[in-house]
Amino acid sequence: ITQYNTTTGAQAMFYTIENKDGDLAIVDGGYNCDGDISQVLDVIKKHGNHVTTWILTHPHHDHIGAFNGLYPYADKIGIKIDRIYATDANRDRIVEMARDNTDDVETYDDFEKAIEHSANVKYVHSGDRIKILNGLSAEVYHAWDHEVDETDCNPCNNGSIMFKVFGHKDSMLFCADTEQPIEKYIIARYKNELKADYVQCGHHGSTGLSTDFYDLVGATKGAFFDGPDSLYVKGNNGYTGYILMDYFKKKGVPIYKYSTAPNSITLK
């Protein structure tokens, strides 16, 4: 599993997952900008222009923008994508709860337009078990559901796909942009299943999930923060990522972030 930086200098999310055969899965991809699209394209080209699985956690521009910019031209440039997993977002709630410059409905509409005639897209739900690569599967612990529709706080973030991938011994939990308003529902359903060796921190590690949630996860081998160092400095425009980073540092958990990316780990 590899974490990539964004080319914009801002927070975003782009991971790749590979098996021993070199097959490729992508998680999100970053912004719809030349730099992030080029970065994703470079990775795909190194894998023979073949993506086995593409997971799109939620329709925010820092997560699926690059996909939106690339996918309409994939066939023309010889890229094959076997399957795409997405969260079943409620457009009405996105519009109703949209925040300036964050919940841009255009990103969601661009995604829906891009996949309109695609037969390889599946909307996932809590409890699904999905195939990532040959020999690698994932459990979905959360995606957009009725509880997200009912929340008054950032439904687009809280409708993110949360999933865990399994090696033979190790596992990694991807939290995407899930935040505290939805974590109580996840804990109620999956309290005993959240434990993982590695964790990708919810909402870039800032204003995301509580330390009580991460106590249940109990990651000891690595915590991934998807943002620049400036995001984790106390007093930076209200960002609280430093709190979670200090939490993991005190536990002696290795920290992975943009300043050291690309960061790769192997699930044993």
Side-chain angles (χ1 to χ4, degrees), residues 1-8 12-89 107-108 110-124 128-140 143 160-167 172 174 176-177 198 200 224 226 261-267:
I1 298 173
T2 300
Q3 174 199 42
Y4 294 86
N5 197 343
T6 181
T7 63
T8 67
M13 185 168 164
F14 173 29
Y15 287 80
T16 57
I17 305 172
E18 300 176 53
N19 61 11
K20 62 182 180 181
D21 297 322
D23 299 324
L24 174 68
I26 295 175
V27 182
D28 289 346
Y31 289 91
N32 188 355
C33 64
D34 290 343
D36 279 15
I37 291 174
S38 294
Q39 182 172 232
V40 174
L41 277 171
D42 286 345
V43 170
I44 295 173
K45 288 177 181 177
K46 291 176 182 177
H47 291 81
N49 280 346
H50 183 200
V51 180
T52 300
T53 300
W54 201 320
I55 302 171
L56 300 164
T57 62
H58 65 292
H60 270 161
H61 54 296
D62 57 330
H63 290 258
I64 71 167
F67 174 88
N68 286 352
L70 184 156
Y71 187 67
Y73 308 100
D75 288 342
K76 294 180 181 179
I77 58 179
I79 292 176
K80 180 185 178 184
I81 303 170
D82 292 347
R83 53 181 170 261
I84 299 165
Y85 295 120
T87 192
D88 195 7
T107 297
Y108 174 78
D110 286 347
F111 169 69
E112 288 294 312
K113 182 179 179 180
I115 66 165
E116 184 176 6
H117 302 293
S118 298
N120 60 344
V121 180
K122 179 182 178 181
Y123 292 104
V124 302
D128 285 351
R129 185 175 183 89
I130 59 175
K131 185 175 182 180
I132 305 295
L133 299 170
N134 185 30
L136 184 68
S137 61
E139 295 286 348
V140 177
S160 295
I161 301 173
M162 179 185 289
F163 63 99
K164 184 165 71 174
V165 294
F166 298 85
M172 180 167 171
F174 286 83
D177 272 7
Y198 301 88
Q200 176 263 321
F224 289 79
D226 299 300
N263 298 306
S264 295
I265 56 101
T266 300
L267 298 183

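Note that the coordinates shown come from a computational prediction; the quantities given were computed from them, not determined experimentally. We count residues from 1, following the sequence as given.
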* Would you list the pairs meeting ring-ring contact (aromatic ring centres under 6.0 Å, His included) in which at least one residue belongs to residues 17-51, sequence neighbours left out? =>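 Qualifying pairs, neighbours excluded: Y31-H61.
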
Is there a side-chain contact between [X] and [Y], using heavy atoms and a 4.5 Å cut-off?
X: I1; Y: F224; value: no
X: F111; Y: N68; value: yes
X: L41; Y: I79; value: yes
X: L56; Y: F67; value: yes
X: I44; Y: L70; value: yes
X: P59; Y: T87; value: yes
X: M172; Y: I17; value: no

For [X], what residues pass the side chain to side chain contact (heavy atoms under 4.5 Å, CB included) criterion, not counting sequence neighbours?
X: P72; answer: A114
X: A138; answer: I130, I132, F163, V165
X: T53; answer: A25, I55, R83, Y85
X: N5; answer: Y258, A261

* Intermediate values then yes/no, side-chain contact (heavy atoms from CB on, under 4.5 Å), D226 and Q3 -> CA-CA 8 Å; D226 299 300; Q3 174 199 42; 2.9 Å; yes

Test side-chain hydrogen bond (donor to acceptor under 3.5 Å, both in side chains) applied to [X] - qualifying residues, sequence neighbours left out:
X: Y198; value: none
X: T6; value: T8, D36
X: S38; value: none
X: D23; value: N19

* D75 atom CG: more than 12 heavy-atom contacts under 6.0 Å ->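 Not buried by this count: 12 neighbours or fewer within 6.0 Å.
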
* Asked: Should we count OH of Y73 as having more than 12 external heavy atoms under 6.0 Å?
  ->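 Counting other residues, nucleotides and ligands, OH of Y73 stays at 12 neighbours or fewer.
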
* Let me know which of V27, V40, L24 forms a side-chain contact (heavy atoms from CB on, under 4.5 Å) with W54. =>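 Filter result, single survivor: V40.
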
* To do: Locate the shortest heavy-atom distance separating F14 from V43; write the atom from each residue and the value.
  =>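 Shortest heavy-atom separation between F14 and V43 comes out as CZ-CG2, 4.1 Å.
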
* Asked: What pairs with E18 under salt bridge (charged side-chain N to carboxylate O under 4.0 Å, His left out), at least two apart in sequence or on another chain?
  ->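 Partners of E18 under the salt bridge (charged side-chain N to carboxylate O under 4.0 Å, His left out) test: none.
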
* In chain order, what residues pass the salt bridge (charged side-chain N to carboxylate O under 4.0 Å, His left out) check against K80, with sequence neighbours excluded? ->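 Once residues adjacent in sequence are excluded, the partners of K80 under the salt bridge (charged side-chain N to carboxylate O under 4.0 Å, His left out) criterion are D82.
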
* To do: Say whether S160 and D177, considering side chains only, have a donor N or O and an acceptor N or O under 3.5 Å apart.
  =>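 Per modelled atom types, S160 and D177 side chains form no pair under 3.5 Å.
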
* **Summary of salt bridge (charged side-chain N to carboxylate O under 4.0 Å, His left out) pairs that have at least one residue in residues 130-140, sequence neighbours excluded** =>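 Listed by first then second residue: R129-E139.
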
